[in-house]
Asker: 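Pasting a structure here, questions to come.
All values derive from a computational prediction rather than experimental measurement. Read the numbers this way: they start at 1 and go in the same order the structure lists the ligands and their atoms.
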Amino acid sequence: MLYLQSQKEVSDSLSQVGYLPSTEIATAVFLATKLSKPILVEGPAGTGKTELAKALSKAFSLELIRLQCYEGLDESRALYEWDYRKQLLALQAHADREVQSIFSSEFLLERPLLAALRGGAEKILLIDEVDRLEVETEALLLEVLAEFQVTVPELGTVVATSKPIVVLTSNGMRELSEALKRRALYLYLDYPSQARELDIVRTAIPGIEETLAERLVSIVARLRSMDLKKSPSIAETLDWGRSLLALSVESLDDEILASTLPILLKNRADIERALKELLPRVS
Ligand SMILES: Nc1ncnc2c1ncn2[C@@H]1O[C@H](COP(=O)(O)OP(=O)(O)OP(=O)(O)O)[C@@H](O)[C@H]1O
Ligand SMILES: [Mg+2]
């Protein structure tokens, strides 16, 4: 079991792999390991929800197992499936074989939830975009999240040899069930503060000029304060920074701002609105 001393240790370890956490993030991770509880991370697109799980895996050298959720995901994709082909071959090869014998772990195909529990070593289990599951399918997750075990009717209960650190993410497309929320620690990931986003930019784009980085982050903050259909995310801030670097831009004038705005805003009405507010003289 991963043993962490403090939130600071979490924060330092994540920073070392390029993920700069807020105090809330570091606290949630620390508590998740102490209490052996999943973290449910909710928030707008591009705020670092998925990346948190990836960064944890890197920071603590733990294997990352990912379950990407989608409508229609079922038990056979999430938990396990019987390897029918192998079962059939086994029966054909030994006609006198008892049917029960082909329902043993040798014939089981592990899917992410089961794989995260088996195999001894502690892992990071990322259950990504859980709000895409139908409410009824959410129930599939509950046993794993609460008890760290999976029941396979033919085999019995598979209990985790080592409890994984579980990160669930959601864009808030729908309310998650109370049963799921009750089992997890809740972390709301909003857009970062300007100071933290500046740190993220400096870390991810080492070649960027300080004044340009500051300007970039402050324009992004201003865009987020406007009533747009889709605010720019951290990923878009970084794309913008890298683009400006590729264009060898040293200072951001109105023309460059106008021509590169579509890197940040991917909606015509948003672009027009932002141009009006940022560059009232030009537009
Ligand atoms: N705290 C952070 N430190 C460093 N980089 C970050 C941080 N948060 C986000 N990023 C950057 O933002 C990008 C987008 O983050 P991520 O893919 O995790 O978003 P998300 O919240 O999962 O979005 P979606 O809801 O669209 O899946 C990451 O690839 C990373 O480059
Ligand atoms: Mg994501």
Asker: For D128, which part has a heavy atom under 4.0 Å from ligand 1: side chain, backbone, both, or neither?
Answerer: neither
Asker: Closer than 4.0 angstrom: is that true for some heavy atom of T169 and an atom of ligand 1?
Answerer: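 T169: no contact with ligand 1 (<4.0 Å).
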Asker: Of the listed options (E129, E197, M173), which comes nearest to atom 27 (O) of ligand 1 when hydrogens are ignored and any heavy atom counts?
Answerer: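 Minimum heavy-atom distance to atom 27 (O) of ligand 1 goes to E129.
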Asker: Just to be careful: counting only protein atoms that are N, O or S, how many fall under 2.8 Å of the Mg ion (ligand 2)?
Answerer: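 Protein N, O or S neighbours of the Mg ion (ligand 2) under 2.8 Å, waters not counted, come to 1.
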Asker: Can a non-hydrogen atom of R196 be found less than 4.0 Å from any atom of ligand 1?
Answerer: yes
Asker: Less than 3.5 Å between some nitrogen or oxygen of G48 and one of ligand 1, yes or no?
Answerer: yes
Asker: Side chains of residues 202-213: which donor-acceptor partners sit under 3.5 Å, not counting sequence neighbours?
Answerer:
unit_1: R202; atom_1: NE; unit_2: E210; atom_2: OE1; d: 2.9
unit_1: R202; atom_1: NE; unit_2: E210; atom_2: OE2; d: 3.4
unit_1: R202; atom_1: NH1; unit_2: D199; atom_2: OD1; d: 2.8
unit_1: R202; atom_1: NH2; unit_2: E210; atom_2: OE2; d: 2.8
unit_1: T203; atom_1: OG1; unit_2: D199; atom_2: O; d: 2.7

Asker: Mind listing the side-chain donor-acceptor pairs of residues 161-168 below 3.5 Å, one per line with the distance, residues two or more places apart or on another chain?
Answerer:
unit_1: T161; atom_1: OG1; unit_2: L117; atom_2: O; d: 3.2
unit_1: T161; atom_1: OG1; unit_2: G120; atom_2: N; d: 3.1

Asker: Short N/O distance, under 3.5 Å, between L52 and ligand 1?
Answerer: no
Asker: Do K58 and E51 meet the salt-bridge criterion of a basic N to acidic O distance under 4.0 Å?
Answerer: no
Asker: Among pairs that include at least one residue of residues 34-50, which meet side chain to side chain donor-acceptor pair (under 3.5 Å), considering only residues two or more places apart or in two chains?
Answerer: E42-S170, E42-Y186, K49-N171, T50-D128
Asker: Would you indicate whether the side-chain heavy atoms of V135 and R174 approach each other to under 4.5 Å?
Answerer: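 Yes. Closest side-chain heavy atoms under 4.5 Å.
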Asker: Using modelled atom types only, decide if a donor and an acceptor are shared between the side chain of S57 and the backbone of E63 within a distance under 3.5 Å.
Answerer: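 Between the backbone of E63 and the side chain of S57 there is no qualifying donor-acceptor contact (under 3.5 Å).
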Asker: Ignoring hydrogens, what is the shortest heavy-atom contact between L265 and I271? Give both atom names and the distance.
Answerer: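 That would be O-CD1, 3.4 Å.
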Asker: Under 4.0 Å from a heavy atom of G18: which atoms of ligand 1 are those, numbered in the order shown and with their elements?
Answerer: 3 (N), 4 (C)
